[in-house]
Every structure is written in C-alpha cells, then in structure tokens.
Amino acid sequence: MESIEKGIAYYKEGKFNEALIIFDKLVKTDDQNPTFLHYRGRVQSRLGALDMAISDFDKLIALDPFNTTFISDRAVVLHLLKRNHEAMEAFDQALNLDPANPYRYSSRAYFKDRIGDLTGAIADYEKAIELDPEDAIAYNNKGLVEEKLGYQQKSRKSFSEADRLSGYENSQNTENSLSPEKASMQEPHFIEEDETKPMSMGHYFSILTDLFTKKTTREEFKQFLSSKFKGS
C-alpha cells in the first residue's frame, strides 16, 4: 500500500498530481478513512477538481459531522464553487462549534473580505486578534481591509503591528521589508489550518517567518494563492 506520509509530503510540497495518485489508491483501500478522504479532497481542490473535492468533503461530514477542520475546509471549496450562502453557513457552524479558536474567526474574515463584506471581515479579524494578540497575519489582513475602506491611519497601524509581531522591525535587510505599501499590494494571506499543530500561531505553517522576511517566499506564496483560488 502507498505510504500516507509520502502523500502528505507531496501535498505540502505542492506536488498535487503525485499526491492525488497516492490518495486515490489509499481511498480505494478504505473509502471510510477520514484522513485519506480529507487529503484527497484538499488535493482535488488544489487541482481545481472542485466537484470531486466537495464530494469527498460531503463524505467526511457524513462520517464526522462536528469536525470543525472538515467543516472549514469544505466551506472553502463551497466558496470556490460560488456557493457562498452555503459557505457562510459552514464557516458559521465551524466557529459556533469552536468559538475560542482564533483561526475560525480569521477564516471567516478572509471569506467575508472576498465576498465584499469588509466591515464584517474587520470585526472577525479583531475578534481573532483579541483571542490571539500575537497573530501577525490577522493584523496584516485587517490592514488590507482597512485600506480598502479608506481607513489609512488604521491600516498603517495594523501593518506596523504585523511587522513588529513578525520580527520584521528588527530586520537589518530593508530590501526585504514588508512595508505597508508592499503589503497593500499582496493578496490577503489565507493559511490552511494544520490540525497536527497546537492552537494559536501553531495553526500557521512555518512559512510565516519567511513570508514576512523574504521577498522570494512572498512571491511564491502569492502564486500559491492564485492557484488555490483559480477560477474563483
């Protein structure tokens, strides 16, 4: 049998076609295994096979109706399918089941930003920050939304706090600076939840530091976002 560890490694490396081959084989051996279905659904969403992805996530919810990671990931796919009313219901459900988790608010905030509910997005980012005051990404994303609304002073403050929390203020390499002007040109950062890590900043991949300090990593991450939301 194919190694699930190998499939996950391919997935995290962005080798989605290779990962799909492995998870297809694993699901054939056990189509009731939540881990196999979950990763195959994630891989399919990256490849743009959204109908197949939502099918896997529907099966996951049937197996485990109160798993907030499954619910949140399914919400993203619903959004990509332009089923935004259902996506909102799913984000709300995940948050109601896990109200002390700042990641739930950040996820819904990112979604609200994408559908044009900017005031709602800011409110959710503020709640995420209240629960996790060291969440640099939430500050950065909140600054981007504030900038869209014309709240320049507030956005500068949010960007400054994101820089401080990321350790960026202490960087001596000014060329790699994520200034408010550069940050405003970025897509807001949606970091996929990693359920193997603990709460708070552990929800974000270790790419966070590089994202704020290395220009090349930020460009690679922008390409990842473009791929993730292709056709949305």
Side-chain angles (χ1 to χ4, degrees), residues 1-64 67-83 86-87 90-91 94 103 106-107 110-111 114 137 141 186-199 201-232:
M1 187 175 73
E2 292 283 1
S3 165
I4 185 172
E5 289 80 10
K6 187 175 181 181
I8 292 173
Y10 277 143
Y11 171 76
K12 291 187 175 182
E13 292 168 9
K15 297 178 179 178
F16 302 129
N17 287 305
E18 293 88 340
L20 182 59
I21 291 171
I22 289 178
F23 285 111
D24 272 342
K25 291 178 180 178
L26 290 171
V27 171
K28 286 180 181 178
T29 66
D30 183 0
D31 63 1
Q32 300 295 300
N33 185 302
T35 302
F36 298 167
L37 287 169
H38 189 203
Y39 273 98
R40 189 174 74 169
R42 282 181 165 184
V43 169
Q44 288 173 151
S45 71
R46 297 301 185 278
L47 292 171
L50 300 179
D51 289 334
M52 297 178 71
I54 202 65
S55 176
D56 277 348
F57 280 112
D58 287 345
K59 292 175 184 176
L60 281 168
I61 297 302
L63 290 170
D64 191 352
N67 186 305
T68 52
T69 298
F70 296 167
I71 294 168
S72 184
D73 277 7
R74 179 174 177 270
V76 172
V77 180
L78 288 169
H79 169 53
L80 295 176
L81 286 165
K82 303 187 186 302
R83 293 162 58 180
E86 294 172 80
F91 280 118
Y103 182 84
S106 289
S107 298
Y110 183 89
F111 168 70
R114 285 180 58 85
I137 287 181
N141 288 0
Q186 307 279 333
E187 287 287 333
H189 311 313
F190 181 86
I191 307 297
E192 183 176 75
E193 182 179 11
D194 186 350
E195 67 275 12
T196 66
K197 295 183 179 181
M199 192 178 292
M201 289 304 287
H203 283 298
Y204 303 129
F205 291 122
S206 60
I207 196 173
L208 175 62
T209 300
D210 283 354
L211 183 63
F212 279 97
T213 59
K214 295 182 181 178
K215 183 177 180 180
T216 54
T217 305
R218 295 201 303 273
E219 291 302 317
E220 290 170 359
F221 193 73
K222 285 173 66 180
Q223 292 175 10
F224 164 76
L225 286 170
S226 296
S227 173
K228 178 179 176 67
F229 291 103
K230 184 177 181 181
S232 61

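Residue numbers count from 1 along this sequence.
Nearest heavy atom pair, residue Arg114 against residue His79, reads NE-NE2, 2.7 Å. Across Ala90 and Ala75, no two heavy atoms sit closer than the pair CB-CB, 3.6 Å. Here the closest heavy-atom approach between residue Leu50 and residue Val77 is recorded as O-CG1, 3.9 Å. Of all the heavy atoms in Tyr103 and Ser72, the pair that sits closest is CE2-OG, 4.4 Å. Across every non-hydrogen atom of Ile4 and Phe36, the tightest pair is CD1-CE2, 3.7 Å.
Checked against side chain to side chain contact (heavy atoms under 4.5 Å, CB included), Glu13 has the following partners two or more places apart in sequence or in another chain: Ala9, Tyr10, Lys15. For Phe23, the ring pair (Phe, Tyr, Trp, His ring centres under 6.0 Å) partners are Tyr39, not counting sequence neighbours.
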Verdict with reasoning, Leu47 to Met52, per side chain to side chain contact (heavy atoms under 4.5 Å, CB included): CA-CA 10 Å; Leu47 292 171; Met52 297 178 71; over 6 Å; no
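Between Lys59 and Asp31 no salt bridge is recorded (no basic side-chain N to carboxylate O distance below 4.0 Å).
Partner of Arg40 under the side chain to side chain contact (heavy atoms under 4.5 Å, CB included) criterion, chosen from Leu26, Asn33, Ile22, Asp24: Asp24.
For the atom pair Asn141 CG and Tyr110 OH, the distance stands at 8.0 Å (nearest 0.5 Å). Rounded to the nearest 0.5 angstrom, Phe111 CZ and Leu78 CG are separated by 9.0 Å. Rounded to the nearest 0.5 Å, atoms CG (Leu80) and CZ (Arg46) are 9.0 Å apart. Rounded to the nearest 0.5 angstrom, Asn67 CG and Ile61 CD1 are separated by 7.0 Å. Separation of atoms CG (Leu37) and CG (Asp56) is listed at 5.0 Å; rounding is to 0.5 Å.
Checking side-chain atoms of Ser45 against main-chain N and O of Arg42 turns up a donor-acceptor pair under 3.5 Å. With hydrogens and angles disregarded, no donor-acceptor distance shorter than 3.5 Å links the side chain of Ser55 to the backbone of Asp51.
Looking at heavy atoms from C-beta onward, Ile54 lies in side-chain contact with Arg83 at the 4.5 angstrom threshold. Between Phe57 and His38, some side-chain heavy-atom pair lies under the 4.5 Å cut-off.
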